[in-house]
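Quick notes on the structure that follows.
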Amino acid sequence: MSKPGYTLMRAKGRDRRHLLRGAVAAAGAAMLTGCDKLSNNASFVATLQSAEKLSHAAGRIVAPKSAMAQEFGQKDVAPSFRGNGTLDPQDPDYLALRKGAFAEYRLKVTGLVENPLELSLEQLRALPSRTQITRHDCVEGWSCIGKWKGAPLGAVLDQAKPMAQAKFVVFRCFDSMDGSSLDGRDSRYYESIDLDEAHHAQTILAYDLNDKPLPVINGAPIRCRVERQLGYKQAKYVKAIELVESFAAIRGGKGGYWEDEGYEWYGGI
Ligand SMILES: Nc1nc2c(c(=O)[nH]1)N[C@H]1C(S)=C(S)[C@@H](COP(=O)(O)O)O[C@H]1N2
Ligand SMILES: [Mo]
């Protein structure tokens with residue numbers, strides 16, 4: 001991603017935080033009359049006061065955990081879905097799999113699970129599928145509507161059986177990023193979501209886009225769709241899924257490649 005885009009993302013991150021703070025303040029004022037229980041709850045208030053968790057908490061106030069992102073009709077689908085970020089990974093392990101049309105690809109599910117998995121594309125396609133037409137919003141200022149088909153992440157997690165300590169799902173991607181302020185540490189793209197988001201009906205491991213296998217620019221062979229959140233949460237080129245209790249020890253400790261560069265962990269739309 002280019003430097004100007006990156007600067008814009010940071011600026012927007014700060015603006016978003018201010019907007020969200022206003023929203024939480026307004027919600028708090030309303031709660032004094034309508035929702036005393038929550039505003040009297042010390043840990044709830046502490047969560048709201050923590051800048052780190054602010055946008056996540058605000059997202060949850062506005063949208064309950066089962067709230068659905070808007071879905072569209074076939075006529076709304078853009079003629080071609082734009083690509084952004086990495087478009088053509090050059091990492092040798094990725095190139096080797098791509099050469100074989102991803103026949104040797106195995107999605108690894110590791111970490112805090114009772115039953116680690118290695119799933120081929122065939123196995124992922126054999127799971128019950130979900131198809132959804134949704135709008136992708138990138139913080140760089142563009143949106144695109146696409147039709148995604150994939151396996152619900154929840155179904156994959158049910159097979160892997162997360163342990164009781166597991167709190168987050170980390171997506172490990174194939175593509176290395178250049179120009180990071182954390183160069184020297186693993187520079188492959190990564191992202192994370194919590195287990196509620198992972199089990200949301202619209203959270204899928206997508207293998208098709210607009211009725212065709214996912215193109216390389218959009219994350220072949222597997223990319224995640226987390227429809228209630230912004231573009232950078234939609235991990236492309238997913239190599240492995242790791243269940244963790246905390247992401248503090250991973251790379252910059254903020255739960256994602258762009259989060260380590262200063263962006264919000266909860267990228268609510
Ligand atoms: N692995 C990986 N995932 C990624 C990115 C990336 O560079 N690498 N870019 C993110 C950003 S900022 C956006 S907007 C979307 C772009 O998805 P698209 O290429 O399908 O439009 O992917 C997200 N996921
Ligand atoms: Mo983005």
Side-chain angles (χ1 to χ4, degrees), residues 1-2 5-6 81-111 113 116-125 127 136 138 146 148-151 153 156-157 160 168-193 198 203-209 212-226 229-244 247 249-261 263 265 267:
M1 203 166 285
S2 67
Y6 163 68
F81 198 91
R82 187 183 157 157
N84 197 39
T86 302
L87 303 175
D88 188 12
Q90 292 302 308
D91 303 75
D93 48 357
Y94 184 81
L95 290 176
L97 290 170
R98 184 180 172 183
K99 218 171 157 186
F102 301 109
E104 303 302 316
Y105 172 82
R106 299 290 179 273
L107 173 70
K108 294 184 184 61
V109 186
T110 64
V113 291
L117 303 171
E118 291 203 7
L119 300 170
S120 66
L121 288 176
E122 211 171 54
Q123 287 172 310
L124 285 164
R125 285 181 178 274
L127 289 170
H136 175 113
C138 171
W148 304 97
K149 180 179 180 187
L153 177 56
V156 171
L157 294 181
F168 303 100
V169 176
V170 177
F171 302 97
R172 302 286 197 166
C173 305
F174 282 101
D175 56 319
S176 300
M177 305 288 285
D178 298 327
S180 153
S181 61
L182 291 173
D183 272 354
R185 291 194 228 175
D186 184 358
S187 68
R188 295 207 197 211
Y189 200 92
Y190 78 105
E191 255 305 335
S192 63
I193 55 177
T203 300
I204 63 173
L205 295 169
Y207 42 71
D208 284 350
L209 169 59
K212 294 195 189 83
L214 197 57
V216 167
I217 62 161
N218 304 110
I222 293 290
R223 73 100 50 89
C224 191
R225 294 301 308 170
V226 187
Q229 297 198 51
L230 291 162
Y232 63 92
K233 299 297 291 189
Q234 325 294 325
K236 305 196 286 187
Y237 318 111
V238 177
K239 179 181 181 173
I241 287 174
E242 194 182 333
L243 278 282
V244 299
F247 41 70
I250 300 174
R251 201 168 172 270
K254 297 293 200 301
Y257 176 81
W258 285 110
E259 288 85 334
D260 286 339
E261 303 288 334
Y263 226 59
W265 177 73

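Residues: numbered from 1 along the sequence shown. Only this structure's heavy atoms are used, side chains among them; waters, hydrogens and symmetry mates stay out.
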Provide the closest heavy-atom pair for [X] versus [Y] in the form atom of the first, atom of the second, distance.
| X | Y | value |
| --- | --- | --- |
| Val169 | Ala198 | CG2-CB, 3.8 Å |
| Gly255 | Asp260 | N-OD1, 4.2 Å |
| Trp148 | Ala206 | CE3-CB, 4.0 Å |
| Pro89 | Leu95 | O-CD2, 3.5 Å |
| Val113 | Ala160 | CB-O, 3.3 Å |

Those residues that, when tested against [X], pass salt bridge (Lys or Arg N to Asp or Glu O under 4.0 Å) (two or more places apart):
| X | value |
| --- | --- |
| Lys239 | Asp93 |
| Arg125 | Asp208 |
| Arg223 | none |
| Asp88 | Arg98 |

Task: Test item: Arg188 and Arg172 side chains (from C-beta on) under 4.5 Å apart, heavy atoms - done: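 No. Closest side-chain heavy atoms not under 4.5 Å.
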
Task: Flag side-chain contact, heavy atom, 4.5 Å: Thr86 against Phe174 - done: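 No - every pair of side-chain heavy atoms lies 4.5 Å or more apart.
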
TODO: I would like to know whether Leu243 and Leu157 meet side-chain contact (heavy atoms from CB on, under 4.5 Å); could you show each step before the answer?
DONE: CA-CA 9 Å; Leu243 278 282; Leu157 294 181; 3.9 Å; yes

Would a distance-only check, ignoring hydrogens and angles, find a side-chain to backbone donor-acceptor pair under 3.5 Å from [X] to [Y]?
| X | Y | answer |
| --- | --- | --- |
| Tyr257 | Ser176 | no |
| Thr203 | Leu153 | no |
| Gln234 | Gln229 | yes |

Open item on the list: Test of understanding: with ring pair (Phe, Tyr, Trp, His ring centres under 6.0 Å), list the residues that count as partners of Tyr207, not counting sequence neighbours.
Closed with: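 Testing Tyr207 for ring pair (Phe, Tyr, Trp, His ring centres under 6.0 Å), a comparison that skips the adjacent residues, returns none.
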
Open item on the list: Just to verify, what does Tyr105 make a ring pair (Phe, Tyr, Trp, His ring centres under 6.0 Å) with, not counting sequence neighbours?
Closed with: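 Partners of Tyr105 by the ring pair (Phe, Tyr, Trp, His ring centres under 6.0 Å) criterion come out as none, since no residue qualifies.
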
If you round to the nearest 0.5 Å, how far is [atom2] of [Y] from [atom1] of [X]?
| X | Y | atom1 | atom2 | answer |
| --- | --- | --- | --- | --- |
| Leu205 | Leu214 | CG | CG | 11.0 Å |
| Arg106 | Leu121 | CZ | CG | 8.0 Å |
| Asp91 | Cys173 | CG | SG | 10.5 Å |
| Leu107 | Ile222 | CG | CD1 | 6.5 Å |
| Phe81 | His136 | CZ | NE2 | 5.0 Å |
| Asp175 | Leu87 | CG | CG | 9.5 Å |

Open item on the list: Can you tell me which residue among Arg251, Lys233, Lys254 is in a side chain to side chain donor-acceptor pair (under 3.5 Å) with Glu259?
Closed with: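 In the set Arg251, Lys233, Lys254, the residue that makes a side chain to side chain donor-acceptor pair (under 3.5 Å) with Glu259 is Lys233.
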
Task: Salt-bridge criterion met for Lys99 and Glu104 (N-O under 4.0 Å) - done: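 Salt bridge absent between Lys99 and Glu104.
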
Task: Passing candidate, ring pair (Phe, Tyr, Trp, His ring centres under 6.0 Å) with Tyr232, options Tyr263, Trp258, Phe171, Tyr189 - done: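 So the option named by the test is Tyr263.
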
TODO: Could you please spell out the steps behind the side-chain contact (heavy atoms from CB on, under 4.5 Å) verdict for Leu117 and Ile241?
DONE: CA-CA 10 Å; Leu117 303 171; Ile241 287 174; over 6 Å; no

Open item on the list: Just checking Phe102 against Tyr94, ring centres under 6.0 Å apart?
Closed with: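 Centroid distance Phe102-Tyr94: below 6.0 Å, so yes.
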
Open item on the list: Check the orientation of Trp265 and Phe247. Use parallel for under 30°, tilted for 30 to 60°, and perpendicular for over 60°.
Closed with: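 Tilted, since the angle between the ring planes falls between 30° and 60°.
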
